Amino acid sequence: MKVEKFNPEINKVYFIESHTLIHILSGKGSIQVDFKNYFDWQKKAIFLEKGQYIKFLSEDFTVRRIEFSNDTKFHNPEVRVLFKHLISLGYIDLLECAECETFLSESVLADNSSDIIDISSKQWFWQNPFKASKEEYQVIFDTKAIIDKEYSNQLTSHDLVSLINERGYNAQALVKNKIGLSVKNLMSSKRHKESLKEIAFTDKTIQEISYELGFKDDAYFNRVFKNYTGQTPKEFRSNFDFENRDVFTQDIMELLSKYHTQERALEFYANKMNLSIKTLSKKVQSKMNTSLGQLIRLELIHTAKLMLLEGEPINAISVRLGFEEPNHFSRFFKHYSGQTPTDFKLKKYNS
């Protein structure tokens with residue numbers, strides 16, 4: 001096991017070489033994992049497996065990284081739920097797991113640090129995000145494991161499901177019912193993610209990549225790729241900017257951090273960046289896979305959460321964030337966070 005506290009470089013791709021827990025101690029802005037940007041990383045224990053990557057989109061992060069070198073533990077099917085992500089990033093919310101937070105803050109350098117895996121997997125099943133039994137979870141994750149192995153072989157849904165139906169479940173219906181995606185969707189998503197990695201991190205030709213991923217026609221691969229990303233493979237390779245570390249994301253996040261409580265107009269940020277609204281919006285979308293409006297809203301929610309955790313009254317928060325009425329702020333907060341400001345405070349104090 002290796003434990004390291006460090007300040008990551010902006011936009012540097014950190015490849016994951018073994019099962020890893022990422023605990024972000026401080027910072028502002030967003031992180032990127034496997035080409036998806038995440039803004040709600042505060043108070044989370046993030047679990048990543050070999051072959052993934054993480055990138056930090058500002059320069060003020062302080063991170064604790066725990067690498068687990070012994071793979072034996074991860075053969076346990078109840079542990080893989082933390083690492084083999086289905087539809088989003090794998091993490092445990094520390095606001096809901098006081099035992100996890102205590103362990104990370106007090107015991108992380110001890111010899112028994114791997115116990116955080118047991119604590120977290122226990123918490124994951126308690127949360128039960130897909131409302132399934134443990135046996136159903138094993139079928140779902142067996143399906144994901146086969147997808148991860150067979151994604152380039154162009155298996156049909158029937159071929160895939162026949163590999164994992166020995167337990168007597170209709171795996172295809174179970175996956176659809178519990179996570180809202182078909183087996184075919186999961187297979188397509190895995191193939192697309194691997195195509196992004198090949199294009200971003202290798203110098204293989206587009207024809208080579210399309211053939212290795214099971215596409216017999218690279219023109220068809222180009223069309224599929226553009227439907228997913230809005231960019232051709234060549235455009236994506238250029239925009240990802242693997243080597244040059246473009247600081248555009250740092251610049252826009254610094255502006256948002258400074259002005260989001262006062263300014264919500266896209267024109268204001270476009271002027272600050274010396275770009276037209278259209279150009280700025282397009283660049284934010286291509287570089288950060290989200291909209292500028294969404295970034296502004298996420299900054300407001302983040303600031304509101306910090307103020308709520310510090311005990312500031314809702315009336316004061318609504319004024320500081322520029323809402324005309326406290327009930328306007330409460331509706332905004334619930335719409336974008338899924339809970340009322342009062343419920344958020346109660347969850348923290350009751351954890």
Side-chain angles (χ1 to χ4, degrees), residues 8-16 29-39 51-59 85 87-89 151-152 154 184-256 266-267 269-296 298:
E9 297 178 39
I10 181 175
N11 278 350
K12 178 178 178 180
V13 173
Y14 289 88
F15 293 104
I16 304 301
S30 64
I31 62 172
Q32 184 179 100
V33 177
D34 291 352
F35 307 100
K36 288 187 178 180
N37 288 0
Y38 297 89
F39 301 86
Q52 296 190 274
Y53 79 83
I54 187 168
K55 191 162 75 159
F56 299 85
L57 304 183
S58 71
E59 60 187 0
H85 313 149
I87 56 176
S88 188
L89 187 63
Y151 67 89
S152 64
Q154 292 291 355
K184 183 178 179 180
N185 290 150
L186 287 178
M187 178 74 90
S188 297
S189 177
K190 173 64 176 177
R191 189 180 294 118
H192 175 61
K193 186 183 293 183
E194 293 304 315
S195 72
L196 293 173
K197 289 181 179 178
E198 290 293 303
I199 290 166
F201 303 134
T202 76
D203 57 3
K204 295 177 185 177
T205 67
I206 305 304
Q207 189 174 30
E208 285 178 290
I209 294 170
S210 65
Y211 179 77
E212 289 176 3
L213 291 174
F215 292 88
K216 295 180 180 179
D217 181 351
D218 57 305
Y220 176 62
F221 169 68
N222 273 267
R223 289 196 299 275
V224 171
F225 188 92
K226 188 167 185 179
N227 283 340
Y228 265 101
T229 63
Q231 305 173 72
T232 66
K234 288 183 179 178
E235 288 170 341
F236 180 82
R237 178 172 274 170
S238 175
N239 284 328
F240 188 74
D241 202 26
F242 175 41
E243 298 292 346
N244 295 327
R245 314 246 180 105
D246 184 0
V247 296
F248 170 81
T249 54
Q250 169 82 3
D251 292 342
I252 191 64
M253 292 310 297
E254 284 182 354
L255 284 175
L256 290 172
L266 304 190
E267 184 179 10
Y269 295 99
N271 289 338
K272 286 287 184 182
M273 295 288 287
N274 295 314
L275 297 169
S276 68
I277 295 175
K278 183 178 179 180
T279 300
L280 177 60
S281 298
K282 186 175 181 180
K283 198 164 184 180
V284 167
Q285 188 65 51
S286 66
K287 294 285 186 183
M288 306 180 75
N289 197 31
T290 188
S291 68
L292 182 55
Q294 177 72 348
L295 290 179
I296 295 169
L298 288 165

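For the numbers below, each heavy atom of this structure counts, side chains included, while hydrogens, waters and symmetry mates do not. From a predicted model like this one, the values you see are computed outputs, not experimental measurements.
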A.B. asks: Would you compute the distance between atom NZ of K36 and atom OG of S30 and round it to the nearest 0.5 angstrom?
C.D. replies: 14.5 Å
A.B. asks: Tell me whether K234 contacts the main-chain N or O of I206 through its side chain, where contact means a donor paired with an acceptor under 3.5 Å.
C.D. replies: no
A.B. asks: Could you state the interatomic distance from NZ (K282) to CG (L275), rounded to the nearest 0.5 Å?
C.D. replies: 12.5 Å
A.B. asks: Hey, mind stepping through Q32 and Y53 against side chain to side chain donor-acceptor pair (under 3.5 Å) and telling me if it holds?
C.D. replies: CA-CA 8 Å; Q32 184 179 100; Y53 79 83; 2.6 Å; yes
A.B. asks: I need the single residue from I277, V284, T279 that forms a side chain to side chain contact (heavy atoms under 4.5 Å, CB included) with S281. Which is it?
C.D. replies: I277
A.B. asks: Would you please classify the geometry between the F240 ring and the F236 ring as parallel, tilted or perpendicular, with 30° and 60° separating the classes?
C.D. replies: parallel
A.B. asks: Could you check if a side-chain atom of K272 sits within less than 4.5 angstrom of a side-chain atom of D251, using non-hydrogen atoms only?
C.D. replies: no
A.B. asks: Under 3.5 Å, is there a donor-acceptor pair between the side chain of Q294 and the main chain of S291?
C.D. replies: no
A.B. asks: Taking everything shown except N227 itself, do over 12 heavy atoms lie less than 6.0 Å from its CG?
C.D. replies: yes
A.B. asks: Side-chain contact test, heavy atoms from C-beta onward, threshold under 4.5 Å: evaluate it for L266 versus I296 and give yes or no.
C.D. replies: yes
A.B. asks: Using 0.5 Å steps for rounding, measure from the CG atom of L280 to the OH atom of Y269.
C.D. replies: 10.5 Å
A.B. asks: Taking all non-hydrogen atoms of both residues into account, name the closest pair between S195 and L213 and its distance.
C.D. replies: CB-CD1, 3.2 Å
A.B. asks: With side-chain contact (heavy atoms from CB on, under 4.5 Å) as the criterion, how do K283 and M273 come out once you've worked through the C-alpha distance, each side chain's angles and the decisive distance to 0.1 Å?
C.D. replies: CA-CA 11 Å; K283 198 164 184 180; M273 295 288 287; over 6 Å; no
A.B. asks: Find out whether E208 and Y211 are in side-chain contact, i.e. whether some heavy atom of one side chain is under 4.5 Å from a heavy atom of the other.
C.D. replies: no
A.B. asks: For the residue pair E212 and S152, what are the closest heavy atoms and their distance?
C.D. replies: O-CB, 3.5 Å
A.B. asks: Within the 4.5 Å heavy-atom criterion, are F225 and L196 side-chain neighbours or not?
C.D. replies: yes
A.B. asks: Is any side-chain heavy atom of S210 less than 4.5 Å from a side-chain heavy atom of Y220?
C.D. replies: no
A.B. asks: Under a 4.5 Å cut-off applied to non-hydrogen side-chain atoms, are N11 and L57 in contact?
C.D. replies: yes
A.B. asks: Roughly how far, to the nearest 0.5 Å, is the CG atom of N185 from the NE2 atom of H192?
C.D. replies: 13.0 Å
A.B. asks: Is there a side-chain contact between I209 and F215 (heavy atoms, below 4.5 Å)?
C.D. replies: no
A.B. asks: Between L256 and L298, is a side-chain contact (heavy atoms from CB on, under 4.5 Å) present by the stated rule, with each step listed?
C.D. replies: CA-CA 10 Å; L256 290 172; L298 288 165; over 6 Å; no
A.B. asks: On a heavy-atom basis, which atom in T290 and which in Q285 lie closest, and how many Å separate them?
C.D. replies: O-OE1, 3.0 Å
A.B. asks: Using side-chain heavy atoms (C-beta onward) and a distance below 4.5 Å, is E254 in contact with E59?
C.D. replies: yes
A.B. asks: Could you give the distance from CG (D34) to CD1 (I16), rounded to the nearest 0.5 Å?
C.D. replies: 9.0 Å
A.B. asks: Do we get K55 above F201's six-membered ring, with its NZ or CZ under 6.0 Å from the centre and within 45° of the axis?
C.D. replies: no
A.B. asks: If you compare all heavy atoms of E198 against all heavy atoms of R237, which two are closest, and at what distance to 0.1 Å?
C.D. replies: O-NH2, 3.6 Å
A.B. asks: Has Y14 got a side-chain atom pairing as donor or acceptor with E9's backbone, closer than 3.5 angstrom?
C.D. replies: yes
A.B. asks: Using 0.5 Å steps for rounding, measure from the OH atom of Y151 to the CD atom of E194.
C.D. replies: 4.0 Å
A.B. asks: Tell me if the centroids of the rings in Y228 and F35 come within less than 6.0 Å of each other.
C.D. replies: no
A.B. asks: To check you understand the geometry: which heavy-atom pair defines the closest contact between I199 and P233, and what is its length?
C.D. replies: CG2-O, 3.4 Å
